[in-house]
2 protein chains.
Amino acid sequence: MKKVDLAACPVCSKLEIDDEGAFLDDLKCTIKVYSKNDLIIRQGDLCDALHMLTQGSVKTEMIAENGNILGIEIIKAPRPLAPAFLFSDNNHFPVDVTALEEVEIMKIPKAEIMRLMMTNSDFMSSFMTHNANRTQFLTNRLQLLSIKTIKGKLAHFLLENSYGDGKPFIINRNQTQLAEFFGVARPSLARSLSEMVQDGIISINKKEYTILNPKGLRELLV
Amino acid sequence: MKKVDLAACPVCSKLEIDDEGAFLDDLKCTIKVYSKNDLIIRQGDLCDALHMLTQGSVKTEMIAENGNILGIEIIKAPRPLAPAFLFSDNNHFPVDVTALEEVEIMKIPKAEIMRLMMTNSDFMSSFMTHNANRTQFLTNRLQLLSIKTIKGKLAHFLLENSYGDGKPFIINRNQTQLAEFFGVARPSLARSLSEMVQDGIISINKKEYTILNPKGLRELLV
DNA sequence: ACAAGAGTGTAACAACTGTTACACTTTAAT
DNA sequence: ATTAAAGTGTAACAGTTGTTACACTCTTGT
């Protein structure tokens, strides 16, 4: 098994560990491996251990009562999955988590996390900051969803993901995934995109987007 | 000034304090008072101290680039405002906060919170849990916003707020606030409501709602 | 009791989005 | 290299929502 790169993990990077192996042995954790497209976590599952994604990448999505899918995010190792929910009064996962490739998950019991937090202030600080950043992310998602038109969402999203210099940039989602991210129907998204291209506001080449008319794009926010 | 009811505060309740006055003196905090409709915090303001709402109630809302308003929640004292953002890398408030009545806010410096967390594991635990519950709340908001039809949002919302026994229940928001909560236009919401009343699915008397046909209501989710 | 403001009900129309369907292109697997 | 699967472009139509406008009711303060 490939060694876990703790230094790259937003909540573990501050752990000063001489021997990672010993540290991991010390944690009473279990490790599980999944294949591509495996459903790792189901919406509503009990969340009583920190699920650390140590290898691979996953997608998270919420499934509404009516079957509509809202894509939340794509997560690459190493990163904890929904760490905040470990401490909530209703500790159930709010999302489905699906493997996008070969994936390895390390489950660390809640008590171990508590112990780490109390004995290591750097870990606690990192954990707090990571959760705070997750909240920030959710807030951004809320803002995006509250925009009523698809072109408005696109404008907000593209402006946020561009460098602001008119240079091309990559959006690492296909149309179907983008539509799920926005919570809209795929053909509707395609229509909006092609109209924006026709109007000369943007150009698209596969996953490479270019903003041709920033002013026009900003006007779509209104 | 009325004494602050620390025991009722979700993050302070676990503090075992003999003399609240001494404790509060000890904290290097500042207290500010606001009048009804005062804008207490503006979206984007720096968040470098924990804002504790000690008296009164406030509403929080996000204002989009286009001026559209998305109501987030109504907060009653005692409760911290956006505590998670104190620790985020981009520590700016994501919402406008407006006083709904006479309001008193206590600002506690970040360093004081850090100190409290490290010296008092109960406080830390409460703080974590509170933040986790806030995340849960935001996730529910996301789910609600991802429902595409207004009647679907209403069905989700009413089912969540009823007791499931067909008895009347109070929704403590007027139509305008509900529309902002759903991120839809007020007349559109009114139309959906009146159609649902005409169809015999619900009945409304001021802020008192009754579900007459739960099955019909659930079908609106589809 | 009255006036002013806030909140609600409703209508007509425009604008936007979802649905469904199908042809076409690209990618991945064998 | 071939085939299957995934992804994209597009169209017509129905359905839902936003916009604007106005009358009306209810609440609140004086």
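Quick note: numbers below take in every heavy atom, side chains included, and nothing from hydrogens, waters or symmetry partners. In what follows, every chain begins at residue 1, and chains take the letters A, B, ... in the order their sequences are listed.
Looking at the side chain of Thr149(A), the nearest of the listed nucleotides dT17(D), dT27(C), dC16(C) is dC16(C). The side chain of Lys148(A) approaches dG18(D) more closely than any other nucleotide in the set dG7(C), dG18(D), dT8(D). Of the candidates dT17(C), dA12(C), dG7(C), the closest approach to any side-chain atom of Asn174(B) belongs to dG7(C). Between dG18(C), dG18(D), dT8(C), one nucleotide has an atom nearer to the side chain of Val184(B) than all others, and that is dG18(D). Side-chain proximity of Pro187(A) to dT20(C), dT20(D), dT27(C): nearest is dT20(C). Listed candidates were dT17(C), dT8(D), dG18(D). Nearest to the side chain of Ala185(B) is dG18(D).
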Checklist entry - salt bridge (Lys or Arg N to Asp or Glu O under 4.0 Å) between Arg79(B) and Glu73(B): does it pass, once the steps are laid out? => result CA-CA 13 Å; Arg79(B) 236 200 63 189; Glu73(B) 58 180 331; 3.6 Å; yes
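Atom CD1 of Ile150(A) is separated from atom P of dT16(D) by 16 Å (rounded to the nearest Å). Distance Arg191(A) CZ to dT19(C) C1': 10 Å, rounded to the nearest Å. Look at CD1 on Ile171(A): it is 13 Å from P on dT8(D), rounded to the nearest Å. One interatomic measurement links the two molecules: NZ of Lys36(A) to C1' of dT27(C), which rounds to 11 Å at whole-angstrom precision. The CD-P distance, from Gln175(B) to dG9(C), rounds to 5 Å in whole Å. Rounded to whole Å, the distance from CE on Met196(A) to P on dT10(D) is 15 Å. Atom CD in Gln177(B) sits about 7 Å away from atom P in dG7(C), given to the nearest Å. Distance Lys207(A) NZ to dA6(D) P: 15 Å, rounded to the nearest Å.
Note on Lys206(A): a side-chain N or O is less than 4.0 Å away from OP1 or OP2 of dT27(C).
Using a 4.0 Å heavy-atom distance criterion, Ser188(A) is classed as a base contact.
Of the listed residues (Phe169(A), Phe182(A), Tyr209(A)), just one forms a ring pair (Phe, Tyr, Trp, His ring centres under 6.0 Å) with Phe157(A), and that residue is Phe182(A). Paired with Val58(A) under the rule side-chain contact (heavy atoms from CB on, under 4.5 Å), one option of Asp96(A), Leu81(A), Thr98(A) passes, and it is Leu81(A).
A salt bridge is absent between Glu180(B) and Arg173(B): the closest approach of a Lys/Arg side-chain nitrogen to an acidic carboxylate oxygen does not fall below 4.0 angstrom.
A donor-acceptor pair is defined here as one N or O able to donate and one able to accept, closer than 3.5 Å; such a pair exists between the side chain of Gln43(A) and the backbone of Ile63(A).
No hydrogens or angles were tested; on distance alone, a donor-acceptor pair under 3.5 Å links the side chain of Arg186(A) to the base of dG9(D).
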